[in-house]
Amino acid sequence: MEYNYLGRTGLKVSKICLGTMNFGSHTSEEDAFAIMDRALEAGINFFDTANVYGGSGQRGQTEEIIGRWFAQGGGRREKVVLATKVYGGMDNEADGPNKENGLSAYKIRRHLEESLKRLQTDHVELYQMHHIERHAPWEEIWGVFESIVNQGKAYYIGSSNFAGYHLALAQAAAEKRQFLGLVSEQHRYNLLCRLPELEVLPAAEDFGIGIIPWSPLGGGMLSGKILNPEPGSRSEGRAAELTDHERSQLEDYAKLCEKLGESEPNVALAWLLANPAVTAPIIGPRTMEQLEQALRAVEINLSEETMKELDRIFPGPGGRAPEAYAW
C-alpha cells in the first residue's frame, strides 16, 4: 500500500479508503469483520463511515458493527484513521424538531457523542459535515467544531458534497478564528462525473483540502458489469437504461482496459489516483473479492497516452473555471 498526506496536514492515510456504507445493509457483520481485518493487513489504514449508514430504520448500525470490531482489540482501533459524518437525521425521537438534516451546534455535539458510543471509541480522527448547512452561520459551526477539536474528540474536520464556493466560505470563516478549518472534501468524482474539475478541485488544491472521491465507479457504471450483466443483478436494470452514447463510451472503455490488461474498476481508480488533488478514493466492497480486486489499483501507472484516451472517451468540462468557459 502507498500513502498520501490528508490534504495539507501531516497525517498519512492509505491511497485507498475503505468505505463501510454496505456493512449491515448489504454485508453481514461476520463478512464486514473479515473485510476490515483484510484491509488492515493490506495496509489500508483509512476507514470511512457515517452515522446514518445501516439502512432504512437501522441508521447507526454500521458504526455499531465497526465498534464491535474495534472491541475485539488487537490494536485495531490504534491502526485505523477513522472518519465519520454528521448532518442527516437519525432514528431518534428525542431529537424532536431537531431530528431533521442540519448542522446546529446542538446537533453536532449530540450526534458526535452518539457516534462515539456506537464506535466504542473516545475520538475520531476525521469528523465530516455530510452536506452544506444552509441556515446556521459559520460562527456557530466553527465554534462547536473548534471546541470538539480542542477536547480531543475529533482531530480534523472535513466536508462532503460542498461546492467550491462553500469551501471558500468555510476557509475564510475558519481563518478569522485562526482555526485550521477543512482538511478534506468528500465529493462525487469519477470518469463519468468530471464537473468537479471546474471549481471544486481547483479550490481544494488552493486551500490544501484533500479530495476523497466517493462513487469512484460511477454507481457501478465503471465496474465492467454493465455491458454484460448477470441475469437478476442490479447491473441488469441499469444496463437496460443505457443511452446509445453511454453504451458507446463503455464499449470504448472496455476495449482500452482490455488492451491495458487491467480491470475496468481498477483503471477508474488509477485515473483518480493520478490526480494530485486526490487523497484517496473510497471503495465500498460488499465482498472480500471486491476488496482484493481493488488493491491492485494503487500499483497501476497510467501512461500519458492512456490518460489522453480516457479524456477522449470521457471528456471533462474543459479544465478549471473560468478558462473552461471564458477567457
Practice item. Evaluate the side-chain proximity of H166 to R134: yes if any heavy-atom separation is below 4.5 Å, no if none is. Key: yes

Review point. When you measure from the side chain of N101 to the backbone N and O of G89, does any donor-acceptor pair fall under 3.5 Å?
Key: yes

**Study point:** Ring-ring centroid check W69 F47, cutoff 6.0 Å
**Key:** yes

Study note, to complete from the structure: Interatomic distance, CG@N190 vs CG@L222, rounded to 0.5 Å, equals 6.0 Å

Review point. Out of curiosity, D31 CG to E29 CD, how far, rounded to the nearest 0.5 Å?
Key: 10.5 Å

Review point. Run the side chain to side chain contact (heavy atoms under 4.5 Å, CB included) check on M21 and Y53 step by step: do they pass?
Key: CA-CA 6 Å; M21 67 289 291; Y53 292 168; 3.7 Å; yes

Exercise for review: Keeping to residues at least two apart or across chains, list the ring-ring contact (aromatic ring centres under 6.0 Å, His included) pairs with something in residues 273-327.
Suggested key: Y253-F314

**Study point:** Path from L198 to I132 over hydrophobic side-chain contacts below 4.5 Å
**Key:** no

**Study point:** Which atom of L167 lies closest to which atom of V200, heavy atoms considered
**Key:** CD1-O, 4.0 Å

**Study point:** F179: which of Y156, F145, W142 passes ring-ring contact (aromatic ring centres under 6.0 Å, His included)
**Key:** W142

**Study point:** Lys/Arg-Asp/Glu bridge criterion (N-O < 4.0 Å) met for E262, R296
**Key:** yes

Practice item. Would you mind reporting whether D48 and W214 have side-chain heavy atoms less than 4.5 Å apart? Key: no

Review point. Can you find a pair of side-chain heavy atoms, one from R194 and one from D311, that are under 4.5 Å apart?
Key: yes

Review point. Would Q249 and L192 count as a side chain to side chain contact (heavy atoms under 4.5 Å, CB included) if you check the C-alpha gap in whole Å, the side-chain angles of each, and the deciding distance to 0.1 Å?
Key: CA-CA 10 Å; Q249 281 185 305; L192 288 162; 4.1 Å; yes

Check your understanding: Are any side-chain N or O atoms of E199 and backbone N or O atoms of G164, one a donor and one an acceptor, separated by less than 3.5 Å?
Key -> no

Exercise for review: Salt-bridge test for R320 and E205: reply yes if a basic N is under 4.0 Å from a carboxylate O, no otherwise.
Suggested key: yes

Practice item. Verify the neighbour count for atom CZ of R38: are there more than 12 heavy atoms of other residues, nucleotides or ligands below 6.0 Å? Key: yes

Point to revise | Minimal non-hydrogen separation, R8 against V183, with atom names | key: NH1-CA, 4.0 Å

**Study point:** Lys/Arg N to Asp/Glu carboxylate O, K308 vs E305, below 4.0 Å
**Key:** no

Review point. Are V149 and Y155 grouped together when hydrophobic residues (ILVMFWY) are joined by side-chain heavy atoms under 4.5 angstrom apart?
Key: no

Check your understanding: Does L82 share a hydrophobic cluster with I212, counting links as ILVMFWY side-chain heavy atoms below 4.5 Å and allowing steps through other members?
Key -> no

Check your understanding: Can we say K225 and E264 salt-bridge, meaning some charged N sits less than 4.0 Å from an Asp/Glu carboxylate O?
Key -> no

Check your understanding: Got a salt bridge between D122 and R77, using NZ or NE/NH1/NH2 to carboxylate O under 4.0 Å?
Key -> no

Check your understanding: Could you go step by step and tell me if I35 and F23 meet the side chain to side chain contact (heavy atoms under 4.5 Å, CB included) rule?
Key -> CA-CA 10 Å; I35 287 171; F23 294 176; 4.0 Å; yes

Check your understanding: What is the minimum heavy-atom distance between W138 and A173, and which atoms define it?
Key -> CB-CB, 3.6 Å

Review point. Does CG in N150 sit with more than 12 non-hydrogen atoms of other residues, nucleotides or ligands closer than 6.0 Å?
Key: yes

Exercise for review: Carefully, step by step, assess L242 and M221 under the rule side chain to side chain contact (heavy atoms under 4.5 Å, CB included).
Suggested key: CA-CA 10 Å; L242 286 177; M221 288 279 284; 3.6 Å; yes

Review point. So does K255 pair up with E258, basic N to acidic O under 4.0 Å?
Key: no

**Study point:** Test item: side-chain donor near acceptor, Y127 and K153, under 3.5 Å
**Key:** no

**Study point:** Selection residues 10-25 - residue pairs positive for salt bridge (charged side-chain N to carboxylate O under 4.0 Å, His left out), sequence neighbours left out
**Key:** E2-K15

Practice item. Group every Ile, Leu, Val, Met, Phe, Trp and Tyr by side-chain heavy-atom contacts under 4.5 Å, then state whether Y5 and M1 land in the same group. Key: no

Point to revise | Spatial distance of atom CZ (R312) from atom CG (L256) [nearest 0.5 Å] | key: 8.5 Å

What side-chain donor-acceptor pairs closer than 3.5 Å can you find for residues 268-286, not counting sequence neighbours?
{"unit_1": "N275", "atom_1": "OD1", "unit_2": "A277", "atom_2": "N", "d": "2.9"}
{"unit_1": "N275", "atom_1": "ND2", "unit_2": "Y189", "atom_2": "OH", "d": "3.4"}

Point to revise | Pairing of E114 and K117 as salt bridge, 4.0 angstrom limit | key: no

Study note, to complete from the structure: Between A83 and F46 the two heavy atoms that sit nearest each other are CB-CE1, 4.1 Å

Check your understanding: Between E197 and G316, which heavy-atom pair has the shortest distance, and what is it?
Key -> OE1-CA, 4.3 Å

Exercise for review: Would you mind telling me which of N51, V124, T121, T49 makes a side-chain contact (heavy atoms from CB on, under 4.5 Å) with S115?
Suggested key: N51

Practice item. Side-chain contact test, heavy atoms from C-beta onward, threshold under 4.5 Å: evaluate it for L182 versus M129 and give yes or no. Key: yes

Practice item. Quick one: do E63 and T84 satisfy side-chain hydrogen bond (donor to acceptor under 3.5 Å, both in side chains)? Show the steps, please. Key: CA-CA 9 Å; E63 287 186 330; T84 193; 2.7 Å; yes

Point to revise | Rounded distance (nearest 0.5 Å) linking atom OG of S159 with atom CD of Q186 | key: 9.0 Å

Exercise for review: Give the minimum heavy-atom separation between G54 and S25, together with the two atoms involved.
Suggested key: O-CB, 4.0 Å

Review point. In Å and rounded to the nearest 0.5 Å, what is the CD1 to CG distance from I226 to L250?
Key: 7.5 Å

Review point. So with a 6.0 Å cut-off around CD of E323, is the heavy-atom count from everything else above 12?
Key: yes

Point to revise | E241 atom CD, over 12 foreign heavy atoms within 6.0 Å | key: yes

Practice item. Might you work through the side-chain hydrogen bond (donor to acceptor under 3.5 Å, both in side chains) test for E125 and H123, ending with a clear yes or no? Key: CA-CA 7 Å; E125 280 74 22; H123 73 282; 2.8 Å; yes

Exercise for review: Decide whether Y106 and I108 are clustered together by the hydrophobic rule: side chain heavy atoms of Ile, Leu, Val, Met, Phe, Trp, Tyr closer than 4.5 Å, transitively.
Suggested key: no

Check your understanding: Would the number of heavy atoms belonging to other residues, nucleotides or ligands and lying under 6.0 Å from CD of E30 be above 12?
Key -> no

Point to revise | Separation of Q128 CD from N161 CG (nearest 0.5 Å) | key: 10.0 Å

